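Just so you know, ligand 1 is whichever comes first in the structure, and atom 1 is the first atom listed for that ligand. On a predicted model such as this, the values are computed, not experimentally measured, just so you know.
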Amino acid sequence: MSVLESQEGSGALSPRSFALQHARPRNSFVGCSRISDYEVLGKLGEGTFGEVHRARSKKTGKLVALKKIIMHNEKDGFPITALREIRLLKLLNHQNILRLEDMAVEHPARGSDKRKRPIMYMVTPYMDHDLSGLLENPSVHFTEPQIKCYMLQLLEGLKYLHANRILHRDMKAANLLINNKGILQIADFGLARHYDGETPKPGQGGGEGKREYTSLVVTRWYRPPELLMHLRRYTTAIDMWGVGCVFGEMLTGKPILAGESDGHQLELIFELCGTPTDDNMPGWRSLPGAENLCPRPRQGNLGYRFREHGPQAVSLLKELLKLDWKKRINAIDALQHPYFRTPPYPAKPHELPAFEESHELDRRKFHDRRAAMPPAPRGGTVGRGPHDDRGPDYRNGVNGAGRYGPPPRNNRGPAPPGDDRVPAWYRDRGLPPRPPPPADGGDYADPYRDRGRPPRGGPGGGTRPDVDTYIPSYDRDPRRDDRRRRDDMMRDDRRGGAEPWDRDQYRDRRRDWDDRSRTSRTRSRSRSPMRDRDRDRDRDREPRDMYRR
Ligand SMILES: Nc1ncnc2c1ncn2[C@@H]1O[C@H](COP(=O)(O)OP(=O)(O)OP(=O)(O)O)[C@@H](O)[C@H]1O
């Protein structure tokens, strides 16, 4: 019996049986090597936990990625999010899920500070691109067969995860890695967790949630409406919304719902998918985050906005971006959607072209190239940011402005005088500009993002008080802002949403955490994470036109 079959219809599993059912072949995980077993070749990017480097195994000659696990606060020990990611990745075994092959340890040099801890690295196969990097490369233009090929692989990976009761909880283009053989793999399991509920069934959408989890998950641009309204009893449908956003992003070449705050995110969703009613989103009124919500009734412009991609693409997108999380299409059904059976048919992975590498650090290269492009004809209006007084529709291109795809890449004219605060490459991307850094870098510094780190110089190091602090930081991308989410999520999960096999460990850690936070509260009240979170939530409740108060 396969892992998947054994999971079908069974109830909650004990930690031991879960681990046994997910066992990978013994030879698929090396164990723990020394960092000297790898030749480090260069930096690929920086994640929440630490830097990612390209390296070559001295034993096999294979290219790998080494993800260094940074301990932001030595006293906290090994980050729990990294432990979760490692444990889950070790259990998973699927062609479309990034494979953890080894852990490598770097011991501090002899004679160095005795208190220094060893540094751990996660070793995964090297992938040539992440999807978001690839979409930013001006010389890459996705064809329809190519998009279908990536979508099928993404859905196969998610079908496997959901059948194995795993919620990814951070579905986004930046977490989808692609190699030059056309293989797509889901990566970054730092927010993932075991799901205690029914596995998706054909024709039954996401079904009903069984228990509560933290709603502080998923990067904002990819966060479904039910999470923005603080549903805690959510299901695998939260990942399917992210697939819809990624699908739209592949079709248009840029993120389709680039909200500047949680409230603004909902506003963009309603513009695209229509406003919630008792018919299209039953139960929405009783969600805690819907209390003060009074959106202007709208039908949604999804069909119009994506009309050039054909009726089948629009139909699949509508299924994935359904407001009703119980009826939102699941991965099993999405794989059967007529979109994949309508010409042009999906390409096979090996038929896809190879592209120039595109990782986080390569992006600057593309941005510079795009900045050198001649300005497009005047006319568009996106990319002016939160200070723009023309309203969110203009800023985010929801009315079709700012489409980013095959050339011409934008429909905007040269920036008006005085608009030079937005970098040229960023204006071309048609996304809202990052909030301006405070003059002294002090008042609005993000206490989460910068916690335990030296202050970041330059742009992106602080946020304005009228948007939540979980804003995409555009010199990198929205995923850099996960740390606060992850910290909050861990805290929330420890209160009751922890996996059963984690509870004892969590109880101990919780006790530690409580002790630590008591000490730090006495030391400095301003560093209390709970206080910061409440303040951030208050910010997001700032009155907007769709709220009653
Ligand atoms: N196996 C890999 N092969 C090639 N590049 C990789 C690989 N894993 C990660 N990267 C690159 O490193 C960057 C950061 O990795 P990753 O997203 O896994 O880190 P993270 O700490 O979880 O980040 P985040 O804060 O974005 O959640 C990514 O932008 C990706 O381009």
Would you say [X] has any N or O atom under 3.5 Å from an N or O of ligand 1, going by distance alone?
{"X": "Tyr126", "value": "no"}
{"X": "Asp188", "value": "yes"}
{"X": "Asp130", "value": "yes"}

Sub-4.0 Å heavy-atom contact, Ser132 with ligand 1 = no
Ionic contact status for Glu136 with Lys254, cut-off 4.0 Å |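 No.
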Atoms in ligand 1 with a heavy atom of [X] nearer than 4.0 Å:
{"X": "Leu44", "value": "4 (C), 5 (N)"}
{"X": "Leu177", "value": "1 (N), 2 (C), 7 (C), 8 (N)"}
{"X": "Ala65", "value": "1 (N), 2 (C), 3 (N), 7 (C)"}

Checking salt bridge (charged side-chain N to carboxylate O under 4.0 Å, His left out) for the pair Glu226/Arg232: CA distance, chi angles, key distance, verdict?
-> CA-CA 9 Å; Glu226 67 269 23; Arg232 290 180 66 111; over 6 Å; no
Of the listed options Lys67, Arg54, His129, closest to atom 16 (P) of ligand 1 (non-hydrogen atoms) |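 Nearest heavy atom to atom 16 (P) of ligand 1 lies in Lys67.
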Counting heavy atoms only, which of Val64, Val52, Ile178 comes nearest to atom 15 (O) of ligand 1?
-> Val52
Is the Tyr234 ring parallel, tilted or perpendicular to the Tyr213 ring (thresholds 30°, 60°)?
->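 Geometry flag for Tyr213 against Tyr234: tilted rings.
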By side-chain contact (heavy atoms from CB on, under 4.5 Å) - contacts of Asn180 (at least two apart) =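 Asn180 satisfies side-chain contact (heavy atoms from CB on, under 4.5 Å) with Asp128, His129, Ala354, Phe355 once adjacent residues are dropped.
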Proximity to ligand 1 by part of Ala174, non-hydrogen separation under 4.0 Å =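 Within the 4.0 Å criterion, Ala174 makes no contact with ligand 1.
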In sequence, state the C-alpha distance, the side-chain angles, and the governing distance for Leu227 and Ile238, and then conclude on side chain to side chain contact (heavy atoms under 4.5 Å, CB included).
-> CA-CA 8 Å; Leu227 281 186; Ile238 62 165; 4.0 Å; yes
Across all chains, not counting sequence neighbours, the side chain to side chain donor-acceptor pair (under 3.5 Å) partners of Lys62 are Glu101
Would you kindly check if the NZ (Lys) or CZ (Arg) of Arg165 is within the cone defined by 45 degrees around the ring axis of Tyr195 and under 6.0 Å from the six-membered ring centre?
-> no
